[in-house]
**Q** 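I'd like to ask you about the structure that follows.
We name chains A, B, ... by the order of the sequence lines, and we start the count at 1 in each one.
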Amino acid sequence: NAGVTQTPKFRILKIGQSMTLQCTQDMNHNYMYWYRQDPGMGLKLIYYSVGAGITDKGEVPNGYNVSRSTTEDFPLRLELAAPSQTSVYFCASSSQGTEQFFGPGTRLTVL
Amino acid sequence: AQSVTQLDSQVPVFEEAPVELRCNYSSSVSVYLFWYVQYPNQGLQLLLKYLSGSTLVESINGFEAEFNKSQTSFHLRKPSVHISDTAEYFCAVTPSGGYNKLIFGAGTRLAVHP
């Protein structure tokens with residue numbers, strides 16, 4: 001099993017550009033999550049999903065959108081990139097009541 | 001709502017010395033507790049977890065943590081650290097029986113020196 005995979009690994013965006021961060025898991029987990037990690041701040045939950053077609057906001061959803069059309073995929077969309085969205089983004093998945101498995105992360109810089 | 005406080009942002013220690021990384025949480029409901037480790041430029045890996053049962057939980061690489069409900073703490077300990085333990089450690093909490101939405105502490109950077 002590949003576990004949780006994320007693409008791209010690195011990306012530089014200009015202010016106002018848009019992009020999609022991809023996340024795929026092959027463990028048949030119902031729950032998937034997007035976090036952002038800022039220096040000294042730990043991880044903050046952006047959005048999560050409890051199954052295909054069901055998504056909900058986390059702590060810091062502003063400026064982001066998600067969709068969940070399949071169990072495996074949970075893309076994160078940035079519509080109008082801002083410098084405040086410079087961060088490392090982690091996708092994770094889990095079954096109910098168990099640990100979360102994290103992807104390797106996407107390092108995004110907005111200039 | 002839940003919150004997590006990791007009391008030390010950095011912990012320097014010499015190799016083979018003991019270490020304790022402190023974690024306190026706040027919650028009005030019962031919770032699951034986790035310690036995750038992040039090595040440089042990598043994602044997070046689960047180190048150990050408390051879901052129920054014995055309050056002392058252990059990892060395969062010598063770490064242990066004890067759930068103390070009265071003190072709302074989940075401190076991480078290792079009796080003898082190695083250079084390879086150098087990493088960032090995150091304590092996290094989620095309400096038991098929920099959607100596993102993790103609330104993380106700010107992290108503790110453990111630096112093991114020879």
**Q** Which bit of Ile103(B) comes within less than 4.5 Å of chain A, counting heavy atoms only: side chain, backbone, both or neither?
**A**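 Contact with chain A: side chain only.
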**Q** Kindly indicate, with the supporting measurements, whether the criterion ring-ring contact (aromatic ring centres under 6.0 Å, His included) is fulfilled by Phe90(B) and Phe34(B).
**A** CA-CA 8 Å; Phe90(B) 293 96; Phe34(B) 304 83; over 10 Å; no
**Q** Assess whether side-chain hydrogen bond (donor to acceptor under 3.5 Å, both in side chains) is satisfied between Ser49(A) and Thr55(A), documenting all intermediate values.
**A** CA-CA 4 Å; Ser49(A) 169; Thr55(A) 62; over 6 Å; no
**Q** Show which side-chain atoms of residues 15-24 of chain B pair as donor or acceptor with protein atoms under 3.5 Å away, not counting sequence neighbours.
**A**
unit_1	atom_1	unit_2	atom_2	d
Glu20(B)	OE2	Arg77(B)	NE	2.9
Glu20(B)	OE2	Arg77(B)	NH2	3.3
Arg22(B)	NE	Asp8(B)	OD2	3.1
Arg22(B)	NH2	Asp8(B)	OD1	3.0
Arg22(B)	NH2	Asp8(B)	OD2	3.3
Asn24(B)	ND2	Gln71(B)	O	3.3
Asn24(B)	ND2	Thr72(B)	O	3.3

**Q** What part of Tyr35(A) lies closer than 4.5 angstrom to a heavy atom of chain B: side chain, backbone, both or neither?
**A**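 Just the side chain, heavy atoms under 4.5 Å.
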**Q** Non-hydrogen atoms of chain A under 4.5 Å away: do they reach the side chain of Gln45(B), the backbone, both or neither?
**A**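 Contact with chain A is absent: no heavy atom of Gln45(B) under 4.5 Å.
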**Q** What part of Leu43(A) lies closer than 4.5 angstrom to a heavy atom of chain B: side chain, backbone, both or neither?
**A**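 For Leu43(A), backbone and side chain are both near chain B.
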**Q** Please answer whether the main-chain N or O of Tyr47(A) pairs with a side-chain N or O of Glu59(A) as donor and acceptor at a distance below 3.5 Å.
**A**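 Not a single qualifying donor-acceptor pair exists.
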